[in-house]
Structure formats: C-alpha cells, structure tokens
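As the structure lists them, so they are numbered: ligands from 1, and atoms in each ligand from 1. Each residue takes its place number in the sequence, starting with 1.
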Amino acid sequence: MAMEFSRCHPETRAAQALGAHDPETAGVIPAVQLSTTYLRAGDNTYQAGRVYGRGDNPTPESVEALLASLENGEEAMVFSSGMTAAIAVFLSLKPGDHIIAPQVMYWGLRLWLQTTGIAWGLKVTFVAMDNLVAVRQAVQPGKTKLIWIETPANPIWSLTDIQAVAEIAHAVGARLAVDNTVPTPVHTRPLTLGADIVMHSATKYLNGHSDVIAGALITAKADETWDRIRAYRKSGGIMLSPWDAFLLLRGMRTLFLRVTRASATAQVLAEKLYGHPLLEAVLYPGLSQHPGHEIARRQMQNGYGGMLSIIVAGGAARAIAVAAAVKLWVRATSLGGPESLIEHRASVEGGSDNPVPPGLLRLSVGLEHPNDLLDDLIAALKE
Ligand code: PLP
C-alpha cells in the first residue's frame with residue numbers, strides 16, 4: 001500500500017481504491033484485462049510472469065489489495081461467489097478433520113456442510129455460537145481444525161463474541177474463520193479481534209448494487225493454508241471474472257457511505273417498529289433489548305448493520321400476507337443493495353432442522369428515505 005494511504009482512514013482508502021489507476025494510459029480508473037492467456041517470449045520465459053487466465057488476471061488485484069487493507073489482513077483473494085470462497089476454506093482441510101459451525105448461519109452454507117461437506121469427509125458439529133460453554137464443549141483437541149462463525153447471524157441476528165471464540169480455537173491449534181458479509185469492515189474487523197480468515201459474500205454490501213455475484217477471503221497470514229486455497233482457486237477456475245472485479249472495485253468506493261446510511265435507517269426502523277402490536281418481535285443488534293446487544297456494542301463500530309428481522313404475529317400465513325402487501329419494499333432474496341428487500345425466510349430455508357421462526361420476515365434495508373420504508377411496512381402490517 002502506498003505510504004499516503006497507510007496513514008489514511010478506511011473511508012479514504014475505499015473512495016480512492018488505494019490509488020488504483022491504469023499505469024499504461026494514466027486513466028484514473030484501472031483498466032479491465034480480458035485476456036485469457038499471456039505471451040511467452042522467444043527465450044521461453046513469460047514476460048510479465050503471467051501464464052493463463054484461469055488462475056491469473058491482474059484486474060482483481062486492485063480490489064484484493066483494498067479488501068486486505070480494509071480488513072487488516074496480509075492478503076485477500078476474490079472468488080466467483082461467496083459460496084465458492086467459503087467452500088475453498090473448507091476444502092483446505094483434510095477429510096476426517098473436525099469443524100465447529102453455528103446452528104444459525106447462512107442456510108446455503110449450512111446445507112453444503114450437511115451434505116457435500118460431510119460426504120467429502122468433514123466431521124461437523126453445529127453449536128449455538130452465542131453459548132461459549134457449548135462452543136468449548138464441542139471442541140475436540142487434536143481433531144478440531146476450524147471454527148466457523150457468522151455474526152450477526154442470518155436471519156435472527158444473534159451475536160458471537162469473536163475474541164472469545166478465537167481464544168477457544170487457538171487454545172487447541174484450530175483456526176477461526178468469520179463470515180463478515182453482514183457487518184462488513186465498516187462495522188467489524190474480525191482479524192483485529194483474533195480471527196484468522198474473513199469471508200465475504202461480496203455479492204452483498206461490498207459490491208452493493210445487486211448486479212455482481214462475488215466472494216472474498218482475507219487472511220491474517222499468507223501461510224500454507226492460504227497457498228492451498230490459492231492453488232484450489234486456480235485449478236478450480238473459481239476466481240472472480242475481470243468484469244466483475246472491475247464492478248466490485250467500483251462498488252467498494254462508496255462502501256462506507258452506503259453501509260452507514262443503511263445501518264442508520266435500520267436503527268430507526270427497528271426502534272419505531274419495536275413494540276408494534278402486530279409484531280411478536282423485532283430482531284436487531286442495535287436495540288438495547290436484543291440479547292446480543294452488549295457484544296455488538298463491543299465489536300461493532302459505526303452502527304449495527306442494515307439487516308433486521310420482524311416476527312409477524314399470526315405465523316407464516318400472516319407474514320406472507322404482509323410481504324405481499326408492501327408496495328415499496330422489493331420482494332426478493334439477498335441483501336446489501338440500494339433497494340430494500342423483504343423476504344419470508346422460512347419459505348426459502350425449508351428443512352426440518354430449520355431454526356427460522358415461521359412468522360419471520362427478513363428485511364435488508366437499502367438507501368431509501370426511512371419514512372417511506374416505515375410507512376409502507378406499517379400500512380402492509382395493518383392490511
Ligand atoms: N454468507 C452470507 C451471510 C450470505 O448472505 C450469503 C448469500 O446470501 C452467502 C454467504 C453466500 O454468498 P453468494 O450468494 O455470493 O454465493
């Protein structure tokens with residue numbers, strides 16, 4: 001990182017993308033390199049040290065440098081999706097290795113662990129990550145190699161104490177990986193709290209415009225595990241495409257503006273909706289009544305994120321009716337875009353061990369005026 005940026009606030013580093021530009025044309029915005037292959041010189045060497053595009057393209061490097069800087073990591077890698085990024089971490093382990101994962105987490109990843117992960121040979125224990133006694137009891141010294149956490153966790157936004165779980169993991173030589181998709185480095189920087197790897201679905205807030213599927217990993221140390229992950233990214237062809245890397249860097253320039261605005265609006269909505277007679281609960285870490293609020297206050301800065309959930313009184317049918325009645329909120333899955341999304345989460349997650357309450361609506365707060373969002377939701381609740 002250039003000296004002038006190492007002294008700057010993260011907002012400045014993001015806005016200027018660490019000064020990335022096109023050295024060939026002096027373009028202020030870096031160029032997109034689409035070539036899938038690179039010239040070999042007459043002396044049989046590769047002039048720029050690059051060989052083939054499946055594992056090697058310069059365009060993602062600017063966004064990787066920015067991610068490493070914002071998350072306080074040594075290196076970052078971008079992937080074709082959040083799922084491929086997470087799976088790359090799990091596949092850097094060996095069949096037979098034990099991992100501990102949360103009962104409450106992004107359901108797609110839980111499903112992968114329960115099916116492909118276990119079939120591949122991973123031994124997985126799912127625990128309540130807000131219960132440190134349960135986490136300690138789940139550890140198998142010598143066998144546990146990884147603890148995976150997500151905080152605040154989808155879709156009930158329970159909090160996990162990153163520092164405490166890092167200590168539990170390190171005491172038995174295991175690593176701690178944190179899905180930091182929802183808080184983003186604007187609110188939480190897990191590597192500064194002892195985590196070893198941070199993962200993002202960059203599809204969400206990092207890109208922020210609902211138009212790129214992307215994932216990222218950031219490591220505290222570029223060690224042997226990191227080399228294995230890089231080798232798998234190359235052989236598996238799962239790095240982010242140059243176009244998408246360009247768009248991701250563009251999106252990340254406004255990360256701080258977007259995330260702080262979405263969080264401020266989510267806080268207003270949570271406070272105004274709390275205690276509404278047609279709701280059983282409002283789940284948001286920024287509410288003092290939230291069970292994880294104290295941990296959130298300790299490990300989140302600049303707000304508590306743009307995600308909240310409401311539990312509609314009357315169960316699934318009433319919740320689905322409320323989602324059907326909104327005019328402004330967009331009925332769709334995902335999160336982190338400029339448009340606010342509403343979703344009946346149990347309809348998505350299904351399954352018998354589904355921890356999602358039937359009346360839960362997940363809200364991804366976007367960049368609209370808070371009063372417009374509130375009026376629309378309250379009108380839909382009363383319909
Ligand atoms: N982690 C979280 C918290 C998510 O919300 C998602 C997607 O919804 C993922 C991981 C998976 O990311 P992607 O959809 O980019 O593969």
### Query
Linking Ile, Leu, Val, Met, Phe, Trp and Tyr by side-chain heavy atoms under 4.5 Å, what else ends up with Val165?
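Via sub-4.5 Å side-chain contacts, Val165 links to Ile100, Val127, Met129, Leu132, Val135, Val139, Ile147, Ile149, Ile162, Ile168, Val172, Leu176, Val178, Leu193.
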### Query
Between Gln163 and Glu167, does any side-chain donor sit less than 3.5 Å from a side-chain acceptor?
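No, because no side-chain N or O of Gln163 sits under 3.5 Å from a partner of the opposite role on Glu167.
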### Query
Side chains of Asn154 and Arg362: do they bring a donor and an acceptor to under 3.5 Å?
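Result is yes, a qualifying pair exists.
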### Message
Counting only heavy atoms and a distance below 4.0 Å, can you name the residues contacting ligand 1?
### Response
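Near ligand 1, by chain and number: Ser81, Gly82, Met83, Tyr106, Glu150, Asn154, Asp179, Thr181, Met199, Ser201, Thr203, Lys204, Ala214, Leu335.
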### Query
Are Thr181 and Glu150 close enough that some pair of their side-chain heavy atoms sits under 4.5 Å apart?
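No. Closest side-chain heavy atoms not under 4.5 Å.
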### Message
I'd like to know whether the aromatic ring centres of His200 and Tyr205 sit less than 6.0 Å apart in this structure.
### Response
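No - the distance between ring centres of His200 and Tyr205 does not fall below the 6.0 Å cut-off.
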### Message
Using a 6.0 Å cut-off, check whether atom CZ of Arg50 has over 12 heavy atoms from anything other than its own residue.
### Response
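Counting other residues, nucleotides and ligands, CZ of Arg50 exceeds 12 neighbours.
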